[in-house]
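Numbering of residues begins at 1 and proceeds along the displayed sequence. Atoms considered below: every heavy atom in the structure, side chains included; atoms not considered: hydrogens, waters and symmetry mates.
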Amino acid sequence: MFGWKRKKKAILAAALFALVFASLSFGDRQEAQAANHTVTVYPNTVVQSDFLGVGVNVIPAALMQASLAQGYTEAHWEMDRKRILAFKPKVARVWFQIDWMEKTKGVYDWESAEMKALYKYLDAFQAAGTEIEFNMGWKVGSSVHSWFNLPGLTTEQLYISAPKDLDAYAASTSAVLHELIVDRGYGNIKYLTFYNEPNGSWDFASPGYDEKAYYASMVQKASQRLAQDGLRHLVQIWAPEEVRAGSTGPDWTAYMKTNVDAHVDGYSFHVYGVPYADLGAEIDLRQNVVGADPVHLTEFGWASDDASGWDSGYANTVIRVANDGVKSALVWQMNGVWTHDPAGSVNGNYTMWDSLVLGLTPKKAYYSAGLLQRYIPAHSAVVAVNTGTPDLRAAAFKTSDGHYTILLESKAGTAKNVTFGFNGVHVGKTFRKFVYQDSVTRTGNALLPRATGSFSAGASFNDSSVDANYNVIVYTTLPPQTQVEVTPVEATVQSGQSVQLSATVIDSAVGGVSWSVVGSGNGTVSASGLYTAPSATSERYVAVKAANGSDPSAYGIALLKLTPGASGPAFANAGFETPPTSNSIIGPATHGWTFASRAGIQRNGSNLGVTDAPEGVQTAYLKTDGGVAGQFQQTIHFPAGTYRIGFQAAKRTSFGGTQTFDVYFDNTKIGSYAPTLGTFTSYATDAFTATAGSHTVKFVATTTAGDNTAVIDAVTIEPASPPPTFANAGFETPTTTNSVFGPATYGWTFNSRAGIQHNGSNLGVADAPEGVQTGYLKTDGGVSGEFYQSATFAAGTYRIAFQAAKRTSFGGTQSFDVYFDNTKVGSFAPTLGTFASHTTNSFAASAGSHTVKFVATTTTGDNTAVIDDVNIEVVP
């Protein structure tokens, strides 16, 4: 027989009697006093002797090409690695594709890009003390379809084929385990599985074959080849990774037990969303089939981040499997990544956190499941426990060196005063308390719940502070997880500039922190946390580490975006040329910009049928379909200043209607747009003021019905300095009760036929629209009035805006021209006695001083125009 068999120890009859008696007596006490509860742990009554712990499933693709194309970097990996070292899963089921190391049959490449990415995961898990369940095979990439796949498969089945040559597959299994365990020293690879949920047809397409028999043969051949090569003793084989049985029962498990039991060391199954009340039956189904052989729950989880709770959740699943003799419980899944071949991503449902390019904030699952993975010890004995009430659930764990951990789940509704007794055993240790509640504050530092209480235990201890919320509480005598909180956890730093970082050590009173920059050429950081960026010509990410001085394995990471500084703020991938595509791709994805599910990138000639890009060969697009509106956004560093966003946009003319959209700066809308043409038009947002720091620019579709698409390209950030202003723009100086005329200077310089007049003056004109005075221009005696003023302009495009009317009490219409320096920018002839708004043509100004002049042009008669509220407007 190859491998081991682990036998469950029966609970002694006396212990069972004690549990029943305790349940009855404590039930009476609960009825008498609802808030007081006693939880009894029986240290000498072992339910199971070797609970491996709580673990996680991992698709190790973050550092592979599909994720790197989304903007994932080595700096992001440092953050992911830090999280692995923080929550320390006890077992990690690491998924593997044979094409990562064997693109040509029988030719093994241990230095491929995919294998190098895998090694980084294995290094991190080894440092975390995590044992590896090596999952041999997952989706099978197209590079091996010619030799690996079974014949007669559909296109979809090509990627989930069972191996055609089982002997070659067994040789591959032996080769990769020899490379990893023997040659590279990953001695933490302890378990081996094959494919996934074959009874659910998820990853084991073998049409035309007896699938159970084929799978059993695969397990047997791999086991025998490992024995032949002297490796079988290094790993336990688990099978068949069967999904929840339902009405058919665990027929795959039963088949393996009957036919290849000599080659299977543990039987594995999956459940999702199963209530606590039903999970016991699922476990019993397997245990009834396999007898005393080990059973492992290698996948469980919830699609919604809010779905885990009292009725069905991470804590009560672990409590149930531990107390029912299941040997491990592995969460699906750790983090989201982009996969390829076939293309896709595993961001969204079921993850503890999504790919970090989508944001650093983890999900609630990280805090709740991570707490269990960190503090429930590996290879511990599960000892009997009785809560005495249906409002509490618990499992208790004891290590070989005498440490205790109690997992308590408290139902919401009533605050509880809980006494923990050890059935007369003197523990003589201090328990620390760690609490998860659904109101957890989620931040990019991803800190596990910290210690909130300490209890000295002899034969018992008491916690009087279990509040009325739903609580998941871990009490443990194991040392707390030292963590480091870094502030800010993410920031943008311009080339050559600095940012001050700070760090707080949590659950350790000693050591302080030591600062370092990960990698070479990424800048420097002082002993006090002042980071200084190197010179940069393009945008990239840098990881800065703050490690605890007493425990360097406990550290925090600041993820800093380094941006060029010389030319001001700029968007990464402003022209949407990355990643290159021959058609179109849709979010969720990140390529500098982060795209939602109704937004993406398309190439000239794509299926969207839009005009060629005005810049490069690709554009972004925003869609509305099915009532869901697309959006894309990017966060970058702005120096303090005033800006506007420029871009080009068009509509899709081959299908659908006009897609309207808004542009936001952080939470402020700075423009609304409705491109009605298929040809690209230039747009610019309103000017906005940015404080120095990171800000988000977002394009959001606003059409609420239909299937509509807008395409957008060449997004730029333009400085929008406040426009220059005129002194005495409203002609309120000098104060007069009638009128004054030049030659004179009052901000404006007036000649002898121009001046200032007050409401009710002898000129007899309408009241000023702004203030109580206006300027005026006259022509009489053949002399034309004029007034002018110089102002300092930033380089840009402008126009002059003002209000004007004619004098109706005397004379005719006074026409006049407006000049910018020596260029006429407008001619006007107000024919009404009421004021009307006017603007000049737009004009380009170089940076510097320029003169604006109003010049009367009527050549005969005595005519007057009155002018007020003269402003300079920036033209987008």
Any N335 side-chain heavy atom under 4.5 Å of V346 side chain: no
Residues two or more places apart in sequence or in another chain: which of them pass ring-ring contact (aromatic ring centres under 6.0 Å, His included) with F125? none
Side chain proximity check, L234 to L226, heavy atoms < 4.5 angstrom: no
Do F434 and D507 touch side chain to side chain, with heavy atoms closer than 4.5 Å? yes
Salt bridge check, D50 against K327: does any charged N sit closer than 4.0 Å to a carboxylate O? no
Side chains of K433 and S454: donor-acceptor distance under 3.5 Å anywhere? no
Do E409 and N316 meet the criterion of a side-chain donor-acceptor pair at a distance under 3.5 Å? yes
Rounding to 0.5 Å, atoms CD1 (I473) and NZ (K416) come to a distance of 9.0 Å
Would you kindly say whether D123 and Y186 are connected by a side-chain donor-acceptor distance under 3.5 Å? yes
Check whether any side-chain heavy atom of V440 sits under 4.5 Å from a side-chain heavy atom of Y367, and report yes or no. yes
Please confirm whether R393 makes a cation-pi placement over Y276, using NZ or CZ under 6.0 Å from the six-membered ring centre and within 45° of the ring normal. yes
I want to know whether Y314 and Y350 have ring centres closer than 6.0 Å. no
Does any N or O in the side chain of N188 come within less than 3.5 Å of the main-chain N or O of T130, such that one atom is a donor and the other an acceptor? yes
Output yes when a side-chain donor or acceptor of R232 lies under 3.5 Å from a complementary backbone atom of Q228, and no otherwise. no
Does some side-chain heavy atom of S312 sit less than 4.5 Å from a side-chain heavy atom of W302? yes
Taking side chain as C-beta onward, heavy atoms only, is I59 less than 4.5 Å from T339? yes
Residue pairs passing the salt bridge (charged side-chain N to carboxylate O under 4.0 Å, His left out) test where at least one lies in residues 295-309, sequence neighbours excluded: R93-E299, D306-K364
Classify the ring geometry between Y214 and F204 as parallel (under 30°), tilted (30 to 60°) or perpendicular (over 60°). tilted
Suppose we call two aromatic rings close when their centres sit under 6.0 Å apart. Are F51 and F397 close by that rule? yes
Examine the side chains of Q333 and T351 and answer whether a donor and an acceptor come within less than 3.5 Å of each other. no
Answer yes or no: is there a donor N or O on one side and an acceptor on the other, between the side chain of E179 and the main chain of W110, under 3.5 Å? no
Quiz item: cation-pi between R184 and Y119, 6.0 Å / 45°: yes
Contact list for residues 216-226, test salt bridge (charged side-chain N to carboxylate O under 4.0 Å, His left out), sequence neighbours left out: D167-K221, R225-D229
Under 6.0 Å between the ring centres of Y121 and W77? yes
Where do S172 and E102 come nearest, in terms of heavy atoms and distance? OG-OE1, 2.6 Å
Run the ring-centre check on Y475 versus F461 and record whether the distance is less than 6.0 Å. yes
Calculate, to the nearest 0.5 Å, the distance between atoms CE and CD belonging to M256 and E241 respectively. 12.0 Å
Side chains of Y470 and Q437, donor plus acceptor under 3.5 Å: no
Taking the six-membered ring for Trp and the full ring for Phe, Tyr or His, determine whether the centres of Y215 and W252 are under 6.0 Å apart. yes
Audit row: Y436, Y375, ring pair (Phe, Tyr, Trp, His ring centres under 6.0 Å) steps and yes/no: CA-CA 12 Å; Y436 167 79; Y375 284 111; over 10 Å; no
With no hydrogens and no angle check, do the side chains of D551 and T482 hold a donor and an acceptor under 3.5 Å apart? no
Distance-only donor-acceptor check, side chains T298 and H270, under 3.5 Å: yes
Could you check if a side-chain atom of W332 sits within less than 4.5 angstrom of a side-chain atom of V56, using non-hydrogen atoms only? no
Tell me, with the steps shown, if Y191 and E131 meet side-chain hydrogen bond (donor to acceptor under 3.5 Å, both in side chains). CA-CA 8 Å; Y191 316 106; E131 294 183 340; 2.5 Å; yes
Non-hydrogen side-chain atoms of N57 and V331 separated by less than 4.5 Å: no
If only side-chain N and O atoms count, and only distance matters, is there a donor-acceptor pair under 3.5 Å linking H296 with S268? no
Closer than 4.0 angstrom, basic N to acidic O: yes or no for D80 and K120? no
Closer than 3.5 angstrom, by distance alone: can the side chain of N323 be matched with the main-chain N or O of A394 as a donor-acceptor pair? yes
